Amino acid sequence: MDASAIEKKWSTRWADARAFEADPDPKREKRYVTAAFPYPNSPQHIGHARTYTTADIYARYLRLKGYNVLFPMGFHVTGTPILAMAKRIAAKDPDVLGVFDKIYGIPPSQAAKLTEPRALVAHFSAEIEQGMREIGYSIDWRRKFYSYDEKFNRFIQWQFRKLKELGYLVKGEYPIAWCPSDKNAVSAHDTRGDVDPDLDNVTVIKFAVSAGESLVVTTYRPETVYGVTNIWLNPKASYVRAKHGKETLILAEEAAKALDLQLGLAITGKIKAEDVLKMGAKNPMTGETVPVWPASFVQPGVGTGIVMSVPAHAPLDYLALRDLGKEGMRMPQVVSLKGYGAAPAKEAVERLGVKSQDDPKAEEATEEIYTKEAHEGIMHAGEFKGEHVSTAREKIAAKMAKGGSAFPIVTISNGPVQCRCGATVVVNILKDQWFIDYGIPGWKDKAKECLSGMKIIPEKTRSEYLYTIDWLKTRPCTRAAGLGTKFPFDETKMIEALSDSTIYMAYYTIAHLLADVDVAKLDDKFFDYVLLGKGKGDARMKTLRDSFLYWYPVDSRHSAGDLIRNHLTLFIFIHAAILEKRLWPRQIATNGFVLMDGAKMSKSMGNILPLRKAIREYGADIIRFSVVSGAELSTDTDFNRTVADGVRSRLALISRLVDESRKKGPAQHGRIEKWLLSRLNRKIGLADQLYEKLAIRDLSLQIFYDVVSDLQWYAKRSKGGANLHDFFTKWVVLMAPFMPHYAEEYWELLGGKGLVSFAPFPAPDESKVDDTIERGEELIRRVHGDIEKISALIKKKPARVTVYAASEWKRKLYSMAKANPSFEALMKAAAAEKMPMKDVQNVAKQIMKNVHSLALPLSQDEELGALKDAEAFLSAEYSCPVEVLPEEKAKHDKAKSSLPDKPAIVLE
RNA sequence: GCAGGGGUAGCAAAGCCCGGUCAAAUGCACGGGACUUAAGAUCCCGCGGCUUAGUGCCUUCGAAGGUUCAAAUCCUUCCCCCUGCACCA
């Protein structure tokens, strides 16, 4: 049977048997496994499959261990990307349609139907669910929900009322990137070229030109105000006077419009650039009046559209002066910088050979000077002389602000950014922004307590959680638009996407039981009872409460490592805030990404491999195995054809052997079968521990790659003789979490009862673990390889091979060496035993090489037993007679060189 | 800058916590051989250098020092790379 037939057969069986629909069973211990639910704005690719496969492997492992396991799945549709994408499809955006067509395989005709957000959600969620079914995730699909479902909304609103009661919700001002035309918050997916607007705090300094009227400049470096020689503005831009409170500010028209939302400016009239150029502006710190000059580098849309000139420390300012032919003027030094003179900007410009203010190299010079001065600069002028620039900067800004000659604004540092609608994105200050205040000390302590009680996989990421817990402060929890849940205290706003997905795992435990409960009943009393045990509930509510208490807490939460900084830490915070301690999560496991042929998958590279396509091409089990087995959990892993092909060809060998084992008669249990079973039973106990630790890479090496290479050796050694039924009935269960479809198929072929998905995890049979057999087999392998090597070295095929196992007295020397760990001592002891001293010397020399870690060898009889067992095999391998003899029966001088664990080999 | 994670043979990647069995697992790539009419698949051997009937020696695990009988592994200093620094799913 081919892979896809097997996969189809078993996924159908699982579905028909409702195998993974888990219900509370007080008689059985439970385990609750969840993975971050997907955001359905695209099909999932093999990278997504890594997290889910890891979670599924763990869930399947726990089932083998006898637990009642719940692994549910839902869809996160909260937020704006889906809205933005729907809009772009409606606008026939060629980029989006191109990605749909080329990467997702959705032709434009079909894409045209996806202009409604809900249609998009329906399409991609169905696609993702289908993929998850095809790859064999053991999900209880009854519990599926979407984060915009009405009942889920009720649950989330309850959550927020709890947070409010606890005093964790606060209201305040907040700067955001904003489209003045759409009147909406803007993030990367709303902008042309998917630019993420970066907000930055900058200082505006007022240079008075007359009473109550100032030119306003923007700067990142207020400390350089002491070195201003002039003011720059762009002669081609238009300027305005604008009322700001009682004062009048002069700034670029474009800037005034952008800053209006932030500052509340009233434009009172235009003013020509040439008129501003005639003004003199008074430096608020030095009292000096400086001229206003033209410069092309000044962008009217950035900041106030006017800048101050500090030629000693700003390459662009120096260049603009030079362009005007004024490079000879005085350039006051403000900052001293090691390795530079009084005018570092000038030095950098000259060294880099920057031609003019319009030369792209100017940026390089700016980068150099700004970074160095910020980190290493010492104030050279002003009242903070001698202080580090890094600390003086804030003090100077604060001092000017206090004196009324400066104020902070927020700008878009990577601007200008265009909204998709065409408007330039500006900064808006939201006055009534709601936040969750993760900075509350008592709450932080609880979060840390929760973390310290949790198993974190990999353990080395724990510090990242701790760091994030400490670092989180107030975090906005609402947005103006998006799908999801309305904010209960201001229904014009939507709850933000990360804030509505922190305790949704609790919702899965009751989701399917809410089907015939009226939405209106899902009030605070309802959730208080079901989730907190407060108040009274009817019989139905009691069932829900029981279900919740049965499944909670979450035993293992899975996601990619990038969510530690946000989702996973919020998950800890909100659980710690709302639920009792016994219901706090027990474990988090995070994984790295999947690379495609060594490169990061991205839409722009076009190297995204959609999951369903990958399944069609390689098969579900091969994909499952390939995306998790290549690297340790925490590091990125590479997916490429050779990996998948390698898994496939190994699987083919196993399929063949399973098939043979089914047909053949009873097991022979010769030496080689015993060896295989010994190896396997040794691995079982180890595998159990590795599963528990989610050491998936190690597991895959141990129970797949190693086992395959054992089987390869077995196949050679046994010459296709025996029956591996006993071996496979154990191994198939071990492997079932990784490759559930093939495992079921093998299980059935081997006559296993029921589904292997629910078979008991094999118990290691210690009586089958046999060191002597394993070491004997290693010896055979080594002898086999050595014959090959010698034969190649002497460039001759042997006509006859004799193998001599070393005498017993040589072995005795090994144990004697333990007590006499030096050459002299050993020789002495051997002399006392009346050993043949000439030969002893040679052996003792060998022993002394690694006397610190000496393993005792097999006995001569044991070696002979193993080697004689392989006589026929070796003889067939080299098509010549092979004889195994004890050293004592030597017919050849070389036999003397035999050592324990290293028989002498004579080729003739 | 701050925080975290890394630098190992052609590539990827284990080992490092708990020093010796480490010229260093494993996979891929590569070279040689077996099988085959041939190719592919499969199997065996090799894959730092020199050397040898399966061996032995020398030089390696970012760099430089140190501790130790012994260091990829412990300590010190330095260099380099990656990720995050926020409201975005």
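Below, read A as the first sequence line, B as the second, and so on, with proteins coming before strands; counting in each chain starts at 1. In this text the structure is predicted, and so the values were computed from the model without any measurement.
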To the nearest Å, give me how far apart [atom1] ([X]) and [atom2] ([N]) are.
{"X": "Ile469(A)", "N": "A3(B)", "atom1": "CD1", "atom2": "P", "value": "18 Å"}
{"X": "Asp636(A)", "N": "G6(B)", "atom1": "CG", "atom2": "C1'", "value": "12 Å"}
{"X": "Ile564(A)", "N": "A3(B)", "atom1": "CD1", "atom2": "P", "value": "18 Å"}
{"X": "Leu466(A)", "N": "G5(B)", "atom1": "CG", "atom2": "P", "value": "12 Å"}
{"X": "Phe37(A)", "N": "A89(B)", "atom1": "CZ", "atom2": "P", "value": "13 Å"}
{"X": "Glu877(A)", "N": "U42(B)", "atom1": "CD", "atom2": "C1'", "value": "13 Å"}
{"X": "Leu472(A)", "N": "C88(B)", "atom1": "CG", "atom2": "P", "value": "15 Å"}
{"X": "Gln433(A)", "N": "A86(B)", "atom1": "CD", "atom2": "P", "value": "16 Å"}

- Message: Go nucleotide by nucleotide along RNA chain B from the 5' end; which of Ala792(A) and Asn41(A) gets its closest nucleotide reached first?
- Response: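 Final value for this comparison: Ala792(A).
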
At under 4.0 Å between heavy atoms, what does [X] touch on the DNA or RNA strands: base, sugar-phosphate, or nothing?
{"X": "Arg565(A)", "value": "sugar-phosphate"}
{"X": "Phe435(A)", "value": "nothing"}
{"X": "Leu498(A)", "value": "base"}
{"X": "Pro476(A)", "value": "base"}
{"X": "Thr78(A)", "value": "sugar-phosphate"}

Provide the Watson-Crick or G-U wobble partner of [N], both distances under 3.5 Å; none if there is no partner.
{"N": "C22(B)", "value": "none"}
{"N": "U37(B)", "value": "none"}
{"N": "G46(B)", "value": "C30(B)"}
{"N": "G84(B)", "value": "C2(B)"}
{"N": "A63(B)", "value": "U77(B)"}
{"N": "A14(B)", "value": "none"}
{"N": "A53(B)", "value": "none"}

- Query: Given His784(A) and Tyr878(A), is the ring-ring contact (aromatic ring centres under 6.0 Å, His included) satisfied, shown in steps?
  - Reply: CA-CA 9 Å; His784(A) 178 256; Tyr878(A) 298 105; 5.7 Å; yes

What distance, rounded to whole Å, do you find between the two [atom1] atoms, one in [N] and one in [M]?
{"N": "G31(B)", "M": "G20(B)", "atom1": "C1'", "value": "34 Å"}
{"N": "G5(B)", "M": "C75(B)", "atom1": "P", "value": "14 Å"}
{"N": "U21(B)", "M": "A13(B)", "atom1": "C1'", "value": "22 Å"}
{"N": "A71(B)", "M": "C47(B)", "atom1": "C1'", "value": "26 Å"}
{"N": "G49(B)", "M": "A34(B)", "atom1": "P", "value": "24 Å"}
{"N": "A24(B)", "M": "A9(B)", "atom1": "P", "value": "15 Å"}
{"N": "C81(B)", "M": "U8(B)", "atom1": "P", "value": "14 Å"}
{"N": "C28(B)", "M": "U42(B)", "atom1": "P", "value": "9 Å"}

Under 3.5 Å, is there a donor-acceptor pair linking the side chains of [X] and [Y]?
{"X": "Ser626(A)", "Y": "Tyr618(A)", "answer": "no"}
{"X": "Ser499(A)", "Y": "Glu496(A)", "answer": "yes"}
{"X": "Thr485(A)", "Y": "Asp500(A)", "answer": "no"}

Are the charged groups of [X] and [Y] less than 4.0 angstrom apart, N to O?
{"X": "Lys693(A)", "Y": "Asp698(A)", "result": "no"}
{"X": "Arg641(A)", "Y": "Asp597(A)", "result": "no"}
{"X": "Glu660(A)", "Y": "Arg656(A)", "result": "yes"}

- Task: In sequence, state the C-alpha distance, the side-chain angles, and the governing distance for Arg697(A) and Glu632(A), and then conclude on salt bridge (Lys or Arg N to Asp or Glu O under 4.0 Å).
- Result: CA-CA 5 Å; Arg697(A) 161 77 174 163; Glu632(A) 281 188 344; over 6 Å; no

- Message: Starting the side chain at C-beta, find the nucleotide from A14(B), A89(B), C43(B) nearest to Glu632(A).
- Response: A14(B)

- Which one, A89(B), A86(B), A3(B), comes nearest to the side chain of Tyr467(A)? A3(B)

Pick out the pairs of N or O atoms, protein on one side and nucleotides 52-55 of chain B on the other, that lie under 3.5 Å.
unit_1	atom_1	unit_2	atom_2	d
A53(B)	N6	Leu907(A)	O	3.2
A53(B)	N1	Leu907(A)	N	2.9
A53(B)	N1	Leu907(A)	O	3.4
G54(B)	O2'	Asp786(A)	OD1	2.6
G54(B)	N1	Pro903(A)	O	2.8
G54(B)	N2	Asp786(A)	OD2	3.4
G54(B)	N2	Pro903(A)	O	2.7
G54(B)	N3	Asp786(A)	OD2	3.2

- Item | Partners passing ring pair (Phe, Tyr, Trp, His ring centres under 6.0 Å) against Phe152(A) (at least two apart in sequence or in another chain) |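 Phe152(A): ring pair (Phe, Tyr, Trp, His ring centres under 6.0 Å) contacts with Phe145(A), Phe155(A), Tyr507(A).
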
- Task: Please state whether the phosphate of G6(B), meaning OP1 or OP2, lies under 4.0 angstrom from any side-chain nitrogen or oxygen of Lys460(A).
- Result: yes

- Has Ser649(A) got a side-chain N or O lying under 4.0 Å from the OP1 or OP2 atom of U42(B)?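 It does, given that an N or O in the side chain of Ser649(A) lies less than 4.0 Å from OP1 or OP2 of U42(B).
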
- What orientation do Phe487(A) and Phe160(A) show, parallel under 30°, tilted 30 to 60°, or perpendicular over 60°?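 The arrangement is perpendicular - the two ring planes meet at more than 60°.
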
- Can the ring centroids of Phe435(A) and Tyr174(A) be said to lie less than 6.0 angstrom from one another?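 When the ring centroids of Phe435(A) and Tyr174(A) are compared, they turn out to be within the sub-6.0 Å range.
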
- Ring centres of Phe738(A) and Phe704(A) under 6.0 Å apart? no

- Determine, for nucleotides 25-39 of chain B in 5'-to-3' order, which nucleotides have protein heavy atoms under 4.0 Å from the base (write B), from only the sugar-phosphate (write S), or from neither (write -). BBSS-----------

